[in-house]
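Below is one structure, written out as structure tokens; comments come after it.
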Amino acid sequence: MAYQPESIEKKWQNYWAKNAVYKTGTDPKKPKYYVLDMFPYPSGAGLHVGHPLGYIASDIICRFRRAQGFNVLHPMGWDAFGLPAEQYAIQTGQHPATTTKKNIATYREQLDKIGLSFDWSREVSTCDPEYYKWTQWAFAQMFDHYYDVKLDKAMPISHLEKQHPEWTKLSPAAREAELQNHRIAYLADLPVNWCAALGTVLANDEVKDGLSVRGGHPVEQRIMKQWSLRISPYAERLLQGLEKLEWSEAVKEMQRNWIGKSVGGEVDFAIQNSTDSLRIFTTRPDTIFGVSFMVLAPESDWSLKLASSAQRPAVDAYLEECKKRTERDRLADVKRVSGVFTGSYAIHPFTKKPIPIWIGDYVLGGYGTGAIMAVPAHDSRDYAFAKHFSLPILPVVEGGNIEKEAFEATDGKMINSDFMNGLQASSAITRAIQELEKLGVGTRKVNYRLRDAIFSRQRYWGEPFPVYYKDGLPKVLPTEELPVALPEVDKYLPTETGEPPLGRAKNWQTKDGYPLELSTMPGFAGSSAYYFRYMDPKNSKELASKESLNYWQNVDLYIGGAEHATGHLIYSRFWCKFLFDIGFAPVEEPFKKLVNQGLIQGRSSYVYRLKSDVNTFVSYGLRDKYDTQALHVDVSFVENDFLNLEAFRNWRPEYKNAKFILEDDRYRCGSAAEKMSKSFYNVINPDQVVARYGADTLRLFEMFLGPLEQFKPWNMSGIEGVYRFLQKAWRWTHGNDESETLSLSTTPVSEEAMRVLHQTIDKVTKDIQNLSFNTAVSQFMICVNELSGKAQTKEVFETFAVLLAPFAPHFAEELWAKLGHTTSVTLAPWPAANPQFLVANAMKIVVQVNGKLRDQFEAPVGSSEAEVFAIAMAREAVQAQLAGKTIRKQIYVNGKLVNFVV
RNA sequence: GCUGGGAUGGUGGAAUUGGUAGACACACAGGACUUAAAAUCCUGCGGACCUUAAUCGGUCCGUGCGAGUUCGAUUCUCGCUCUCAGCACCA
């Protein structure tokens with residue numbers, strides 16, 4: 001029987017399922033290893049070949065670690081709440097739960113075909129009330145905690161109340177208002193990103209360039225009452241925590257930017273003819289003598305307060321104009337300078353000179369204090385503003401070309417700066433703050449860009465809040481009364497009065513009749529602690545038991561896309577730190593090592609149609625000789641870039657009589673790497689590939705495609721290579737294509753063959769550890785090429801089966817069973833390479849003189865360095881052609897430099 | 001503009017701390033087997049050149065561009081070009 005993946009793969013998948021081979025429990029005798037894939041959102045389109053890339057990689061690691069004696073946790077589940085299901089529900093009336101369930105079934109079926117070693121007994125789904133009960137629990141905990149700045153951790157609200165006995169005298173509403181300023185989950189009027197088309201608010205990471213990431217709808221700023229998570233006090237811990245993580249520098253850097261720490265000072269500028277003072281934040285207090293004007297954000301409270309009566313009409317007009325400009329317009333013309341003078345002046349803290357106060361939309365209300373001191377000589381934005389309005393530009397740091405542009409460096413000497421003259425700008429920063437502190441008008445200050453996370457969504461398909469309102473004040477439900485299950489509604493749209501869809505639910509209230517919160521949680525809620533739930537997924541008392549938490553700790557290896565860098569990955573870290581603070585989580589960081597698999601792009605194919613004759617298509621190589629238009633063609637009609645003419649003619653009626661201008665009697669298509677999309681006709685499903693080549697070939701091929709973290713186009717032309725490899729391996733082990741049994745021999749294995757086998761053990765082991773799966777696959781190919789037709793002993797086949805199992809588990813399992821084993825190859829221990837076979841029996845000695853090859857020869861293994869030299873010198877003497885020259889001689893043993901003499 | 005990656009044959013990609021560049025695979029070409037095709041197996045495959053009847057053998061150039069360090073650079077340093085990704089009025 002030839003290698004027939006379809007028969008063996010189904011068999012072993014059933015075997016694994018029936019015998020629960022991959023079921024994991026806590027086992028104190030073994031070291032633990034937790035490998036997690038980012039769980040997918042089950043969309044209606046199903047999986048394409050890009051999805052399994054990360055899953056296959058993590059599966060290889062899992063199988064490898066198991067063989068090394070680790071107790072491996074490798075679960076999978078579903079990020080099941082989400083916008084697409086809701087929008088589909090709005091269009092069709094079908095309940096999102098129904099669609100989601102169907103999609104999950106499809107995903108599950110597709111994943112099962114790939115032979116992944118998930119422990120499905122731990123499957124979770126974020127839309128399951130038994131799951132989101134614990135999301136609600138965590139939220140309730142956040143409501144009941146505040147961030148204690150002194151202790152630098154979250155503490156119970158009761159602890160805060162003890163420090164404020166005066167609050168007990170307040171009315172319930174006033175007291176709650178105080179508490180809302182501290183609760184980690186709090187309700188506040190906030191400027192939010194409102195998306196009218198989606199009917200909901202969005203988090204900052206869900207908005208890009210003023211458009212929603214999902215759907216690309218315009219987003220505007222609005223003030224709304226929203227639930228938020230106070231993530232900003234965690235900024236410093238989130239930043240510091242990055243240092244210890246084994247994450248790519250790229251993702252760490254993205255998080256650093258997102259947190260946006262900047263160190264500087266806050267300075268109070270007195271306002272002329274007023275007792276008020278204007279507080280600004282600056283990172284360059286050293287340039288304070290270069291201040292020539294101040295700028296307020298248009299949305300700042302000061303803007304109207306400081307408008308003089310003479311300037312009032314101009315200020316009003318400008319503020320009106322700013323309001324009209326949406327976020328998008330503002331981003332669209334960054335270069336445009338606009339602003340207006342308020343008519344008021346501030347007083348310089350050192351020179352006591354008056355400084356005009358302006359309003360400008362390049363200053364943001366939401367950052368710092370919403371006001372700046374402008375130093376045009378040393379800030380490019382202030383420079384542009386000053387040039388536009390002809391304001392003075394006063395250089396205080398030596399260097400640059402102030403006539404042309406702002407000089408922003410801090411490596412110059414201070415000038416025109418009184419007590420700071422002559423200092424380096426970088427050291428003047430500290431000096432300036434000291435002086436300001438003496439005057440009592442300034443202090444050192446650290447600012448973060450990280451904003452609190454807005455946590456309300458005006459949607460149906462999400463976790464309901466565990467919140468009700470008593471006398472108009474928010475309360476959270478106790479854990480015993482959770483979950484608050486998502487109610488049924490007649491339509492998935494906002495109500496006529498503009499309330500979220502939950503406003504349509506009947507009896508949406510607590511058992512005591514208090515109304516429940518109408519908004520739902522955002523997408524990241526369910527994914528922020530799912531890694532803990534997998535540890536103990538059936539627990540109805542807790543998110544996870546102490547015992548399981550202490551055993552599994554956190555995720556050792558997390559694999560998923562880099563697109564979650566500033567969303568899920570930062571929220572999860574925050575969530576975990578909070579759970580750590582309240583004594584639930586055993587560790588502060590959820591994911592020790594993170595690997596971002598590269599996107600697999602689709603490979604689109606094109607045909608070239610004559611503009612003059614829409615029925616004629618020109619082959620790729622000849623297209624320049626004609627005037628043509630490129631059209632996408634379904635990639636299923638194309639093999640190795642050659643078009644199947646028959647299939648193309650049958651594709652659409654208008655191509656029935658298509659004519660072709662061929663090259664070498666064939667039609668060659670053009671190609672390009674693009675996102676996999678239905679509209680480009682380039683989507684490849686893993687099912688198609690499995691049906692034709694089998695799961696093991698798909699697995700090997702996805703790994704062979706290139707480095708895991710690299711973006712790469714899907715290109716089927718190479719798949720034959722790995723398929724041939726498995727066929728060769730089959731023939732090697734079975735003797736020929738027809739044999740049903742193994743072709744075993746007792747002939748001792750040659751030393752050379754042992755060398756190949758042990759090099760394979762060595763290389764594959766190292767490659768898996770380095771996540772260098774593509775070179776591991778190459779090593780397997782070398783191994784089979786070398787050993788094919790020889791080395792057919794039981795021991796060799798056994799070693800090969802164990803090595804191959806992580807990559808091609810079905811093939812390995814079949815081979816293992818035929819070797820007489822009755823248990824899964826998964827349970828076999830990982831082989832160790834014998835160092836004896838890793839060195840060559842004859843050392844290859846290469847002698848170079850002045851970098852040029854002069855001599856090469858072999859010496860017996862074990863020769864000492866001195867012997868090698870002696871042989872080399874003797875041979876050189878015979879050659880006798882080096883006399884009279886200064887030489888540098890290098891001697892290589894097996895390609896390695898051992899020494900050199902001059 | 002800022003930050004972080006990347007650039008190696010026709011193609012995807014290999015190359016421990018600097019040490020014989022191009023492993024492995026695809027594509028292509030030639031050959032064997034076959035009535036034929038498929039499959040399989042074998043050979044060649046960066047460029048220029050020398051040598052030869054042809055092999056064998058040998059030389060020079062070659063890892064985006066230009067310098068530098070070094071006996072020796074795909075690898076390290078500096079300066080560019082192009083490209084991918086992220087951030088972007090964050091004071």
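To find a chain, count down the sequence lines: A is the first, B the second, and so on, and within it residues start at 1. Remember, it's a predicted structure, so these values are computed and weren't measured experimentally.
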Problem - Spacing of A:Leu450 atom CG relative to B:C87 atom P, expressed in whole Å - result: 15 Å
Problem - Contact under 4.0 Å: A:Arg449 side-chain N or O vs B:C87 OP1/OP2 - result: no
Handout entry: By salt bridge (Lys or Arg N to Asp or Glu O under 4.0 Å) - contacts of A:Glu246 (at least two apart)
Key = A:Lys593
Practice task
Measure up the A:His348 and A:Phe269 rings against each other and bin them: parallel (under 30°), tilted (30 to 60°), perpendicular (over 60°).
Solution key: perpendicular
Exercise for the section: With heavy atoms under 4.0 Å as the rule, sort A:Arg724 into base, sugar-phosphate or nothing. Expected result: sugar-phosphate
Practice task
State, without any angle test, whether A:Gln255 and A:Thr566 hold a side-chain donor-acceptor pair at a distance under 3.5 Å.
Solution key: no
Exercise for the section: Could you name each residue pair satisfying side-chain hydrogen bond (donor to acceptor under 3.5 Å, both in side chains) that touches residues 771-780 of chain A, not counting sequence neighbours? Expected result: A:Thr760-A:Gln779, A:Asp767-A:Thr775, A:Ser772-A:Thr775
Handout entry: Nucleotide B:C84, atom C1' - distance to CE of A:Met254 in whole Å
Key = 12 Å
Handout entry: Set of side-chain contact (heavy atoms from CB on, under 4.5 Å) partners for A:Ala377, sequence neighbours left out
Key = A:Ile393, A:Pro395, A:Ile402
Strictly under 3.5 Å: I want the nitrogen or oxygen pairs between protein and nucleotides 6-12 of chain B, one per line.
unit_1: B:G12; atom_1: O2'; unit_2: A:Leu705; atom_2: O; d: 2.8

Practice task
Looking only at side-chain atoms of A:Met781, point me to the closest of B:A27, B:C24, B:A91.
Solution key: B:C24
Under 3.5 Å, side-chain donor or acceptor atoms of residues 259-267 of chain A against the rest of the protein: list the pairs with distances, not counting sequence neighbours.
unit_1: A:Lys261; atom_1: NZ; unit_2: A:Glu236; atom_2: OE1; d: 3.1
unit_1: A:Lys261; atom_1: NZ; unit_2: A:Glu236; atom_2: OE2; d: 3.2
unit_1: A:Ser262; atom_1: OG; unit_2: A:Tyr367; atom_2: OH; d: 2.7

Practice task
Verify the contact: side-chain N or O of A:Tyr367 to OP1 or OP2 of B:A91, cut-off strictly under 4.0 Å; return yes or no.
Solution key: yes
Which atoms of nucleotides 2-5 of chain B (N or O only) lie under 3.5 Å from a protein N or O atom, and what are those distances?
none

Completion exercise
Assert: residue with more 5' nearest nucleotide on RNA chain B, out of A:Gly721 and A:Lys728, is A:Gly721
Practice task
Whole angstrom is fine here: how far is it from NZ in A:Lys763 over to P in B:A23?
Solution key: 14 Å
Handout entry: Spacing of A:Leu700 atom CG relative to B:C26 atom P, expressed in whole Å
Key = 13 Å
Problem - Rounded P spacing from B:G13 to B:U69 in Å - result: 34 Å
Handout entry: Integer angstrom distance from the C1' of B:G86 to that of B:G22
Key = 33 Å
Completion exercise
From the candidates B:A15, B:A27, B:C24, the one with an atom nearest any side-chain atom of A:Asn785 is B:C24
Practice task
Apply ring-ring contact (aromatic ring centres under 6.0 Å, His included) to A:Phe711 and list each qualifying residue two or more places apart in sequence or on a separate chain.
Solution key: none
Handout entry: Contacts of type side-chain contact (heavy atoms from CB on, under 4.5 Å), residue A:Leu594, not counting sequence neighbours
Key = A:Met38, A:Trp247, A:Val251, A:Tyr558, A:Leu569, A:Asn596
Problem - All pairs passing salt bridge (Lys or Arg N to Asp or Glu O under 4.0 Å) where residues 773-783 of chain A contributes a residue, at least two apart - result: none
Problem - Separation of atom CG in A:Asp762 from atom C1' in B:U16, rounded to whole Å - result: 11 Å
